[in-house]
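First listed ligand is number 1; within each ligand, the first listed atom is number 1.
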Amino acid sequence: MLVTGGAGFIGAALVRNLLAVGCRVRILDNLSTGVASHLTGTEVELMRGDVCCEADVDASLAGVGQVVHLAAAGSVMSSATDPVANFEANVVGTFNLLDRARRAGVERVVLASTGGALFGQAEPPVDESTVPSPISPYGASKLAAEGYARAFAHTYKMRTIALRFGNVYGPWSERKRGAVTAFFQAIESKRPIVIYGDGAASRDFIYVDDVAQGIVRSLDADLPAATVMHICSGVETSVSCLAELCRQVAGAPDHPIVYHEKRAVEVVRTFASYDLARCLVGFRPTVDMATGLARTWAWLRDEAPRLREL
Ligand SMILES: NC(=O)c1ccc[n+]([C@@H]2O[C@H](COP(=O)([O-])OP(=O)(O)OC[C@H]3O[C@@H](n4cnc5c(N)ncnc54)[C@H](O)[C@@H]3O)[C@@H](O)[C@H]2O)c1
């Protein structure tokens, strides 16, 4: 089993879930946002390389039957400031991975897509029948990646599966720029929590081990080629509500919040339905927000500083 981007946030949780069910795991990662210390204590093979490089991908695919493709430039905001880098990592990288996997006879490729950025300002809840309409370069890059996955499934009979994640949070996220990490880091460093817009914007927050379980189930299941599924919580949570929950979990109910202008590339409301994933692979999120946020806060406070010393 190859996991591209396995030294990143979701990768760190995924490889532990894969090892727990007996998989042998190789990782291809250029360590641009991931870190080797995320893999401490796991028996995985880490190959440092780039998904855009044919030779790196070919080497990583030797003897591999299945691939989970997580490697990407994952920030919506960075995609606005550097759309070229985003295009290269997400579109060229995914194309290269699919093409080399096709040549190597890989049986199945599971790609990480997105349930929010793909849809722009579509009325939620979105599902697999909602027409994608991205408003950020990041969303566009994920739509292009899904397009190639579908085309390769039909043209070359590859089994490609695109999973559209909600907003993922949890341990291993200390390098992420998402709201949960940002809010907890603000509380810990005694800076105000910054909310862009009036706080009414909403997201579908899902705990990282639930996402990892959705991926593991998609590797096992007998799915039609080019299946697309949302892996999400199905729950709409406003950013204001999230800030409140973070303050409570961290024991800082009066921590200051400041409001900045809304950012143009961010969608306003988004959450999705996981009905299809429930029907096809029995996916169901198991970690509620209070539990997931408490685990995340504990990890960021206690484990992340230890990791930084490694
Ligand atoms: N975190 C979320 O909320 C979320 C939501 C929807 C989709 N996703 C997708 O899930 C995947 C994993 O996201 P994450 O949150 O773990 O991000 P992350 O940045 O923590 O992980 C990405 C990993 O890919 C590696 N990488 C980046 N470019 C690479 C390249 N060219 N070659 C090889 N390795 C490369 C990075 O070093 C990192 O380890 C991404 O595809 C992302 O777009 C994430």
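Of the listed options G116, A112, G115, A112 places a heavy atom closest to atom 10 (O) of ligand 1. The nearest non-hydrogen atom to atom 16 (O) of ligand 1, considering only I231, I10, I215, V211, comes from I10. For atom 40 (C) of ligand 1, the nearest non-hydrogen atom from the set T181, L14, L70 comes from L70. Among V92, V68, T4, D29, the residue whose heavy atom lies closest to atom 37 (O) of ligand 1 is D29. Between L28, L111, N30, it is N30 that holds the heavy atom closest to atom 35 (C) of ligand 1.
Between F119 and L143, every side-chain heavy-atom pair lies at or beyond the 4.5 Å cut-off.
Within the 4.0 Å heavy-atom criterion, the part of K142 lying near ligand 1 is the side chain and not the backbone. Of all the heavy atoms of S113, the ones lying under 4.0 Å from any atom of ligand 1 belong exclusively to the backbone.
Taking every heavy atom of G49 and a limit of under 4.0 angstrom, the matching atoms of ligand 1 come to 32 (N), 33 (C). Each of the following atoms of ligand 1 lies closer than 4.0 Å to a heavy atom of S32: 26 (N), 27 (C), 28 (N), 36 (C), 37 (O). The atoms of ligand 1 that sit less than 4.0 Å from any heavy atom of G166 are 3 (O), 5 (C), 6 (C). Interface atoms of ligand 1 facing L31, defined by a heavy-atom separation under 4.0 Å, are 37 (O). Under a 4.0 Å criterion applied to the non-hydrogen atoms of G8, ligand 1 contributes the atoms 20 (O), 21 (O), 38 (C), 39 (O).
The shortest N or O to N or O distance between N167 and ligand 1 is not below 3.5 Å. In terms of polar-atom proximity, defined here as any N/O pair under 3.5 Å, H69 makes no such contact with ligand 1. When only interatomic distances are considered, the shortest N/O to N/O separation between G34 and ligand 1 falls below 3.5 Å. Considering backbone and side-chain N/O of V168, one or more are found under 3.5 Å from N/O of ligand 1. Of the polar atoms of C52, none of the N or O atoms is found under 3.5 Å from an N or O of ligand 1, judged by distance alone. Residue D50 places at least one N or O, backbone or side chain, under 3.5 Å from an N or O of ligand 1. Residue V51 has at least one nitrogen or oxygen atom sitting less than 3.5 Å from a nitrogen or oxygen atom of ligand 1, judged on distance alone. For a threshold of 3.5 Å applied to N or O pairs, the pair formed by A73 and ligand 1 contains no separation below that value.
Formation of a donor-acceptor pair under 3.5 Å by the E45 side chain with backbone atoms of V25 is not found in this model. Judged purely by atom type and a 3.5 angstrom limit, T181 uses its side chain to pair as donor or acceptor with the backbone of S173. Of the possible polar contacts, one joining the R175 side chain to the T33 backbone as a donor-acceptor pair under 3.5 Å is found. Between the side chain of E261 and the backbone N or O of G197 there is no donor-acceptor pair closer than 3.5 Å.
For atom 15 (O) of ligand 1, the closest non-hydrogen atom on the protein side is K176 NZ, 2.8 Å. Annotation: atom 42 (C) of ligand 1 to nearest protein heavy atom, Y138 OH, 3.6 Å. For atom 38 (C) of ligand 1, the closest non-hydrogen atom of the protein is T33 OG1, 3.2 Å. At the shortest separation from atom 20 (O) of ligand 1 among protein heavy atoms lies F9 N, 2.9 Å.
S75 does not count as a contact of ligand 1, since none of its heavy atoms falls under 4.0 Å from the ligand. Not a single heavy atom of G178 sits closer than 4.0 Å to an atom of ligand 1.
To the nearest 0.5 Å, atom SG of residue C232 and atom CZ of residue F165 are 11.0 Å apart.
Both tests hold for R102 against Y156: distance to the six-membered ring centre under 6.0 Å, angle to the ring axis within 45°. Both tests pass for R263 against the ring of Y196: distance under 6.0 Å to the centre and angle within 45° of the axis.
Between the side chains of R159 and T227, not a single donor N or O lies within less than 3.5 Å of an accepting N or O. D209 and N17 form a side-chain donor-acceptor contact under 3.5 Å, judged by distance and modelled atom types alone. Remark: the S78 side chain and the N86 side chain contain no N/O donor-acceptor pair separated by less than 3.5 Å. Side chains of H69 and T94: a donor-acceptor N/O pair is present below 3.5 angstrom, by distance only.
When all heavy atoms of R108 and S218 are compared, the closest pair comes out as NH1-O, 2.7 Å.
Residue pairs meeting the side chain to side chain donor-acceptor pair (under 3.5 Å) criterion with at least one member in residues 290-300, sequence neighbours excluded: D288-T291.
In this structure, F152 has its ring center under 6.0 Å from that of F95.
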